[in-house]
Amino acid sequence: MKIAVVGTGRVGLPLALAFAESGADVVGFDINSDIRQAVNVKHRMPFLEPGFEETLASGSVHIGERIEEVGDVDYFVVTVGTPLLHHIETDLTAVTRVIKQLGSKIRPGQTVIMRSTTAPHTTHYVKKQLEKSSGYTVGEDIFLACCPERIVEGKAREELLSLPQIVGTEDPRSRELAETLFSVLGVEILHCNFITAELVKLFNNVSRYAYFAIANVLAMIAVDYDAEPYEILKLTNHNYPRPITSTPGFTAGTCLRKDFGMLSEAYWSADILVSAWRINESMPKFLVEAAKSKWGGLSGYRIAVLGYSFKRDADDVRDTLSDKVLRYLHRECPKELVLHDHLVKAADVPQMQDLRFTADLPDAIADADLIVIATNHSLYCEKRDLLLDRVNNSGCHVVDIWDALATGSVLIG
Ligand SMILES: NC(=O)c1ccc[n+]([C@@H]2O[C@H](COP(=O)([O-])OP(=O)(O)OC[C@H]3O[C@@H](n4cnc5c(N)ncnc54)[C@H](O)[C@@H]3O)[C@@H](O)[C@H]2O)c1
């Protein structure tokens with residue numbers, strides 16, 4: 001089986017490697033030279049995603065630059081990015097470019113698999129664009145399936161080999177060919193049509209986004225009443241059969257935030273997803289205002305913000321809410337603003353005036369009057385004593401929406 005994976009980022013590269021490990025003949029394509037260099041020359045992952053070291057070292061997957069150079073393959077798997085535009089609208093630029101390129105290259109018998117996350121009806125658009133650019137008919141000459149990716153970053157290898165695979169098709173041959181492809185991963189296959197596959201993927205993400213909004217609104221209401229959210233959660237859930245399963249935090253990241261937009265782009269009315277978006281997006285501002293009302297203006301403070309990636313123990317900074325908290329804190333004109341993250345690359349950190357970046361935790365907090373834990377990296381939990389020492393012995397305050405320091409308080413000190 002020969003497979004071309006187009007777009008070897010955080011989704012495409014692990015998938016390409018998993019297919020290769022299952023015995024398929026795989027080639028990747030990416031316009032990003034850093035990714036090609038990391039895989040082809042250095043034989044390592046260009047980002048944090050453990051488990052593929054041996055396969056990378058074997059050099060069995062090569063990443064090319066131009067899809068036009070692809071040899072004879074059975075499948076084209078499309079895994080390019082689908083961000084939101086500034087308006088509530090999916091940016092299909094990368095998808096359209098790739099489908100048009102494939103249109104001029106595809107031959108009868110070949111199959112296109114849409115793996116990128118897309119708004120409802122995008123696979124129907126892809127079908128029309130593919131037929132227009134190739135002159136072939138989907139279901140007769142060439143084949144098409146919507147098989148969305150549902151892994152979580154950091155656990156790609158484990159989840160690619162265990163999560164059931166949604167296979168959305170609208171003709172029998174595409175259904176059969178898509179099933180053959182994913183069977184090599186040894187996972188359960190669940191069949192449906194295009195729109196159902198798109199909606200399954202989007203609701204897997206937006207339901208999590210909405211669950212987190214419940215915990216976040218609980219936290220904001222509790223703090224407004226001078227109550228502790230984590231005490232409320234502990235009591236709501238203690239020996240109670242219908243617990244609240246999410247906890248408060250900075251809910252963001254490229255998938256959760258944008259997938260709400262993909263569902264909302266076709267609806268004019270405010271709904272539960274728009275409310276979840278407003279709640280989750282308001283958390284950074286809410287915490288800065290709460291800190292000001294508890295401790296007074298922050299202009300004389302030396303402030304350390306801990307964590308820049310959008311989630312725990314990751315190096316992915318896309319759509320991180322740390323950005324927002326940094327901007328709001330900067331507007332308070334503090335004496336010093338320091339950002340710490342030991343996992344993200346310095347090049348991914350914003351070039352903000354007066355912001356100092358460090359990967360060294362003791363350096364970040366050495367003189368801090370206020371510490372804001374923006375990402376709940378394991379490191380901050382492990383160094384709990386070090387951080388609490390600044391509170392107990394130096395009068396430092398901490399904003400800890402994650403309860404990383406296990407004090408049960410959001411505003412500590
Ligand atoms: N990151 C996740 O955890 C995750 C999980 C599930 C689904 N998804 C979805 O998967 C898709 C990809 O996400 P990602 O996180 O891997 O994005 P990414 O930005 O890491 O990867 C996309 C890659 O496509 C490449 N690319 C763009 N245009 C190209 C072209 N014309 N030819 C070749 N390569 C091209 C980019 O250079 C980039 O490396 C998105 O739709 C996303 O919503 C992501």
Side-chain angles (χ1 to χ4, degrees), residues 4-18 27-40 45-50 61-70 76-85 90-105 112-120 122-123 126 129 133 146-160 163 165-166 197-198 200-206 208-209 252-263 309-320 345 348:
V5 176
V6 187
T8 48
R10 290 178 185 263
V11 158
L13 184 54
L15 181 67
L17 294 164
V27 60
F29 288 92
D30 207 295
I31 52 175
N32 182 328
S33 58
D34 290 344
I35 291 181
R36 296 198 305 273
Q37 171 91 353
V39 176
N40 300 341
M45 216 62 178
F47 38 76
L48 272 183
E49 190 61 72
V61 173
H62 179 85
I63 314 291
E65 182 180 358
R66 294 167 48 78
I67 311 169
E68 288 79 0
E69 292 157 11
V70 71
F76 293 101
V77 183
V78 178
T79 46
V80 293
T82 49
L84 278 193
L85 292 166
T90 320
D91 183 352
L92 285 180
T93 311
V95 168
T96 299
R97 187 173 300 136
V98 167
I99 295 303
K100 285 177 108 172
Q101 284 169 324
L102 291 184
S104 62
K105 189 76 205 167
V112 173
I113 304 284
M114 277 303 296
R115 188 119 178 118
S116 303
T117 304
T118 54
T122 305
T123 315
V126 166
Q129 185 63 258
S133 342
C146 170
C147 305
E149 180 59 84
R150 298 190 297 160
I151 55 154
V152 68
E153 281 179 25
K155 287 192 180 168
R157 192 167 188 279
E158 178 189 330
E159 294 200 345
L160 280 167
L163 293 185
Q165 180 59 54
I166 307 295
E198 289 166 339
V200 167
K201 165 63 199 175
L202 291 172
F203 273 98
N204 272 144
N205 273 2
V206 298
R208 273 169 63 71
Y209 194 65
T254 178
C255 288
L256 291 194
R257 194 193 65 83
K258 83 181 167 68
D259 290 2
F260 118 86
M262 291 190 182
L263 280 169
S309 59
F310 78 78
K311 72 170 189 170
R312 182 187 183 93
D313 298 340
D315 64 346
D316 193 342
V317 305
R318 292 175 295 175
D319 273 343
T320 175
K345 296 184 191 103
D348 288 341

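Fair warning: this is a prediction, and the values are worked out from it, not measured in the lab. Atoms within each ligand, like the ligands themselves, are counted from 1 in listed order.
- Considering backbone and side-chain N/O atoms, K201 never comes within less than 3.5 Å of an N/O atom of ligand 1.
- Atoms of ligand 1 lying under 4.0 Å from at least one heavy atom of F29, given by number and element, are 33 (C), 34 (N).
- In this structure, the separation between CZ on R115 and OG1 on T82 is 13.0 Å, given to the nearest 0.5 Å.
- Among protein heavy atoms, the minimum distance from atom 20 (O) of ligand 1 is reached at R10 N, 3.1 Å.
- From E65, atom CD reaches atom OG of S33 across 8.0 Å, with rounding to the nearest 0.5 Å.
- Not a single N or O atom of D259, backbone or side chain, sits closer than 3.5 Å to an N or O atom of ligand 1.
- The backbone N or O of V11 sits nowhere less than 3.5 Å from a side-chain atom of T79 that would complete a donor-acceptor pair.
- Donor-acceptor pairing under 3.5 Å is recorded for the side chains of T123 and E198.
- Nearest protein heavy-atom contact of atom 32 (N) of ligand 1 is I31 CG2, 3.8 Å.
- Within the 4.0 Å heavy-atom cutoff, R318 counts among the residues contacting ligand 1.
- For ligand 1 and K258, the ligand atoms under 4.0 Å from any heavy atom of the residue are 42 (C), 43 (O).
- The protein non-hydrogen atom at the shortest distance from atom 7 (C) of ligand 1 is T117 OG1, 3.4 Å.
- Residue contacts with ligand 1: R150 is placed with no nitrogen or oxygen under 3.5 Å of a nitrogen or oxygen of the ligand (distance criterion only).
- Residue contact annotation: I151 has a non-hydrogen atom under 4.0 Å from ligand 1.
- Residue E149 has at least one heavy-atom neighbour below 4.0 Å for each of these atoms of ligand 1: 6 (C), 7 (C).
- With contacts defined as side-chain heavy-atom distances shorter than 4.5 Å, the pair L263/F203 qualifies.
- The protein non-hydrogen atom at the shortest distance from atom 37 (O) of ligand 1 is D30 OD1, 2.6 Å.
- Interface of I35 with ligand 1, defined as ligand atoms under 4.0 Å from a residue heavy atom, comprises 39 (O).
- Polar contact check, V11 against ligand 1: a nitrogen or oxygen pair lies under 3.5 Å apart.
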Verdict with supporting geometry, R10 and D316, salt bridge (charged side-chain N to carboxylate O under 4.0 Å, His left out): CA-CA 9 Å; R10 290 178 185 263; D316 193 342; 3.4 Å; yes
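- In this structure, T122 contributes its side chain and T118 its backbone to no donor-acceptor pair below 3.5 Å.
- Residue contact check for ligand 1: R115 places no non-hydrogen atom closer than 4.0 Å to it.
- For ligand 1, the atoms lying closer than 4.0 Å to a non-hydrogen atom of T79 are 12 (C), 22 (C).
- The protein non-hydrogen atom at the shortest distance from atom 21 (O) of ligand 1 is G9 CA, 3.3 Å.
- The one candidate from I31, I63, V80 that meets the side-chain contact (heavy atoms from CB on, under 4.5 Å) condition with T8 is I63.
- Between the side chain of K311 and the backbone N or O of E153, at least one donor-acceptor pair lies under 3.5 Å.
- Heavy-atom proximity to G81, at under 4.0 Å, picks out these atoms of ligand 1: 22 (C).
- When only non-hydrogen protein atoms are considered, atom 2 (C) of ligand 1 lies nearest to E153 OE2, 3.6 Å.
- Expressed to the nearest 0.5 Å, how far CE of M262 lies from CG of L202 amounts to 6.5 Å.
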Does S309 form a side chain to side chain contact (heavy atoms under 4.5 Å, CB included) with D315? I'd like the steps, not just the answer. CA-CA 6 Å; S309 59; D315 64 346; 5.8 Å; no
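- Against a heavy-atom cut-off of under 4.0 Å, V98 is close to the following atoms of ligand 1: 30 (C), 31 (N).
- Scanning the protein heavy atoms around atom 11 (C) of ligand 1, the nearest turns out to be V80 O, 3.5 Å.
- Annotation for R208: atom CZ does not count as buried by contact number, only 12 or fewer foreign heavy atoms lying within 6.0 Å.
- Of the heavy atoms in C255, only side-chain atoms (C-beta onward) come closer than 4.0 Å to ligand 1.
- Considering backbone and side-chain atoms alike, T82 places an N or O below 3.5 Å from some N or O of ligand 1.
- The main-chain N or O of S133 is never found under 3.5 Å from a side-chain atom of K100 such that the two would form a donor-acceptor pair.
- Here the straight-line distance linking atom CZ of R36 with atom NE2 of H62 works out to 8.5 Å at 0.5 Å rounding.
- Protein heavy atom closest to atom 24 (O) of ligand 1, with residue, atom name and distance, is G7 CA, 3.3 Å.
- Other residues, nucleotides and ligands place no more than 12 heavy atoms under 6.0 Å from the NZ atom of K155.
- For ligand 1 and S116, the ligand atoms under 4.0 Å from any heavy atom of the residue are 11 (C), 41 (O).
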